[in-house]
Amino acid sequence: MHTQRRVIVVGAGLAGLSAARALADAGIDVAVLEARERVGGRVWSVTLTNGAVVELGAEWIMADDSAVQDTAARFEVELVDTGVSYSRREPWGDRAATLDAQDAFLESANVALARLSPERIATMSVGAFLAALDGDEAARAIVMRRLAGTCAIDLRDVALASFDGERPFSAHSDRYSRARTGNQALALELAASLADVRTGQAVDAIEHDDAGATVRVGSHAERAGAVVVAVPAPIVSRMAFTPALPDDLGSALAGLRMGVASKFAVATKGRPPTRSRQAAGRSMWCWTANGAGGKARKCVTSFAGSPAAHDALGLHRGELTPWLEAVRAMNPDITLVGEPVLYSWADDPYTLGAYSSWDQASWSCRAAFSRPVGRVAFAGEHTAADRHGTMEGALRSGRRAAEQVVSMLRAR
């Protein structure tokens with residue numbers, strides 16, 4: 001086999017599989033090496049005892065997620081409307097501000113942000129910016145807890161510049177979808193379409209030169225014309241590269257923080273009413289949503305983001321009961337049955353966190369993450385700029401990395 005027309009992709013999450021599929025479409029021989037014993041990475045669907053399929057990983061598919069929709073259409077993965085908004089959530093708890101009060105506070109944030117210079121924005125955190133705004137205190141509190149949950153880190157550590165766009169503090173789409181059989185179906189179908197996907201292959205080192213690259217898994221080595229590295233930033237920073245990665249990229253990878261987030265799901269007796277609720281007192285929310293045929297799935301799912309939320313729920317101590325009781329209290333009209341499932345992404349050895357969380361230093365050097373180094377290209381949600389932390393960003397990053405590799409191979 002001519003190694004110059006062969007590419008190794010490290011990582012079988014959506015980014016790696018998207019890159020591999022795009023390369024295969026270009027007529028290039030591809031091998032995908034995945035450390036886990038499954039494909040999908042942070043896209044992970046599981047089935048509860050009552051048959052309900054829930055996501056322990058990536059959940060949101062928004063109306064403008066064209067790469068997700070294109071992939072779903074290509075592989076005939078049915079997307080269904082959830083029937084609820086994941087971003088516009090009913091407030092729950094003592095002294096919880098109404099949605100109207102939250103909207104007014106968010107609008108004031110957009111107005112204030114538009115008045116700031118780019119130089120000023122570059123020096124501020126989201127936490128400092130929101131804390132300094134005039135407005136209703138109850139609205140400020142629940143908005144900040146919701147956003148801290150989404151960022152999965154204290155807002156004092158989140159760069160205001162990373163909240164880009166025309167109206168970054170406005171609610172996202174009111175329409176959200178999910179794959180009918182679970183979002184992991186996207187990864188499973190992508191993997192099934194490829195000739196060589198190997199699990200249980202943890203890449204330790206990559207040696208690269210002008211002619212190609214050698215990927216090492218323990219004592220085993222494979223040569224290829226190029227490599228796509230599509231694993232989370234903390235894992236890339238632990239890999240041995242020879243020669244070493246450029247200083248700016250090495251520092252950026254080591255400095256990018258990962259959010260602290262966990263997912264929780266529990267079965268219900270019967271089909272619950274659909275809803276999306278945000279706790280006023282902590283960065284935790286829960287929801288019920290539709291599945292196939294526009295019928296509610298028989299489960300409640302919950303998300304907790306940020307170290308503070310994990311402390312409040314006892315997750316750092318390995319406790320489950322406080323979260324279960326919180327979900328029960330937020331849904332007093334729903335009967336929960338069976339043992340809940342929980343996954344803490346900060347404890348995952350293949351991610352070391354949920355997704356990228358951007359402070360000022362990391363955001364200022366974000367372009368380094370998507371820049372190829374010799375015959376090595378990089379993919380993953382952390383390389384996806386404004387679509388970071390999403391399935392859409394992962395898929396787009398894989399396609400971009402594939403384009404870079406095709407250019408490398410053609411340049412010879």
Side-chain angles (χ1 to χ4, degrees), residues 3 6-24 28 30-36 39-42 187 190-191 194 196-199 201-209 212-218 220-256 258 349-353 355-356 365-385 388 393-409:
T3 58
R6 184 168 187 266
V7 175
I8 295 174
V9 175
V10 181
L14 286 187
L17 293 170
S18 174
R21 185 62 262 165
L23 289 165
I28 296 170
V30 185
V32 181
L33 305 182
E34 165 59 44
R36 301 180 192 273
V39 301
R42 285 168 283 177
L190 277 165
L194 298 166
D196 188 0
V197 178
R198 290 173 250 164
T199 57
Q201 303 290 307
V203 171
D204 308 304
I206 297 174
E207 301 162 10
H208 56 107
D209 52 46
T214 300
V215 173
R216 297 190 179 276
V217 178
H220 176 72
E222 288 193 47
R223 184 73 177 172
V227 173
V228 176
V229 178
V231 295
I235 307 305
V236 183
S237 69
R238 293 186 174 191
M239 289 181 178
F241 287 84
T242 306
L245 296 177
D247 288 345
D248 64 334
L249 177 55
S251 297
L253 289 165
L256 181 61
M258 296 290 283
Y350 303 112
T351 65
L352 303 178
Y355 40 72
S356 49
C365 62
R366 64 193 181 281
F369 294 116
S370 59
R371 186 183 70 225
V373 176
R375 289 302 189 93
V376 182
F378 298 90
E381 57 85 11
H382 64 286
T383 73
H388 60 86
L395 289 167
R396 291 190 187 188
S397 76
R399 295 177 181 180
R400 184 260 311 147
E403 291 175 358
Q404 292 172 330
V405 166
V406 170
S407 296
M408 292 175 197
L409 298 180

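Quick note: residue numbers are just sequence positions, from 1. Nothing here was measured: the structure is a model prediction, and the numbers come from that model.
- Although no hydrogens or angles enter the test, the distance criterion places no donor-acceptor pair under 3.5 Å between the side chain of R371 and the main chain of F378.
- Taking all atoms of both residues into account, the shortest heavy-atom contact from V405 to A226 is CG1-CB, 3.9 Å.
- The nearest pair of heavy atoms linking L17 to A187 is CD1-O, 3.5 Å.
- The structure places CE of M408 at 6.0 Å from CD of Q404, a figure rounded to the nearest 0.5 Å.
- In this structure, CD in E34 is found 10.0 Å from CD in Q201, a value given to the nearest 0.5 Å.
- Contact of the T351 side chain with the R42 side chain is registered, since non-hydrogen atoms from C-beta on lie closer than 4.5 Å.
- Looking at S237, its side chain does come within 3.5 Å of a backbone N or O of P234 through a donor-acceptor pair.
- Between V231 and H382, the closest heavy-atom pair is O-CE1, 3.3 Å.
- A donor-acceptor pair under 3.5 Å is formed between the side chain of R6 and the backbone N or O of R223.
- The shortest distance between side-chain heavy atoms of R366 and H388 does not fall below 4.5 Å.
- A donor-acceptor distance shorter than 3.5 angstrom exists from the side chain of S397 to the backbone of A394, with no hydrogens or angles considered.
- In this structure, L256 and F369 have side chains that are in contact, with non-hydrogen atoms separated by less than 4.5 Å.
- With E222 contributing its side chain and V217 its backbone, the two residues share no donor-acceptor pair below 3.5 Å.
- With contacts defined as side-chain heavy-atom distances shorter than 4.5 Å, the pair D196/V30 does not qualify.
- Listed here is the closest heavy atom pair of G393 and A384: O-CB, 3.4 Å.
- Looking only at side-chain heavy atoms (C-beta outward), V373 and P246 come within less than 4.5 Å of each other.
- Listed here is the closest heavy atom pair of S356 and E381: OG-OE1, 2.7 Å.
- Side chain of R375 to backbone of G225: a donor-acceptor contact under 3.5 angstrom is found.
- Considering all non-hydrogen atoms of both residues, V197 and A191 come closest at CG2-O, 3.8 Å.
- A side-chain contact (heavy atoms from CB on, under 4.5 Å) with I206 is found for exactly one of T214, I8, V227, namely V227.
- Although no hydrogens or angles enter the test, the distance criterion places no donor-acceptor pair under 3.5 Å between the side chain of T242 and the main chain of E207.
- Between atom CZ of residue R36 and atom OG1 of residue T199 there is a gap of 12.0 Å, rounded to the nearest 0.5 Å.
- The shortest distance between side-chain heavy atoms of V7 and L409 falls below 4.5 Å.
- The local environment of CZ in R238 is sparse, with at most 12 non-hydrogen atoms from other residues, nucleotides or ligands closer than 6.0 Å.
- Considering only heavy atoms from C-beta on, L395 comes within 4.5 Å of L190 through its side chain.
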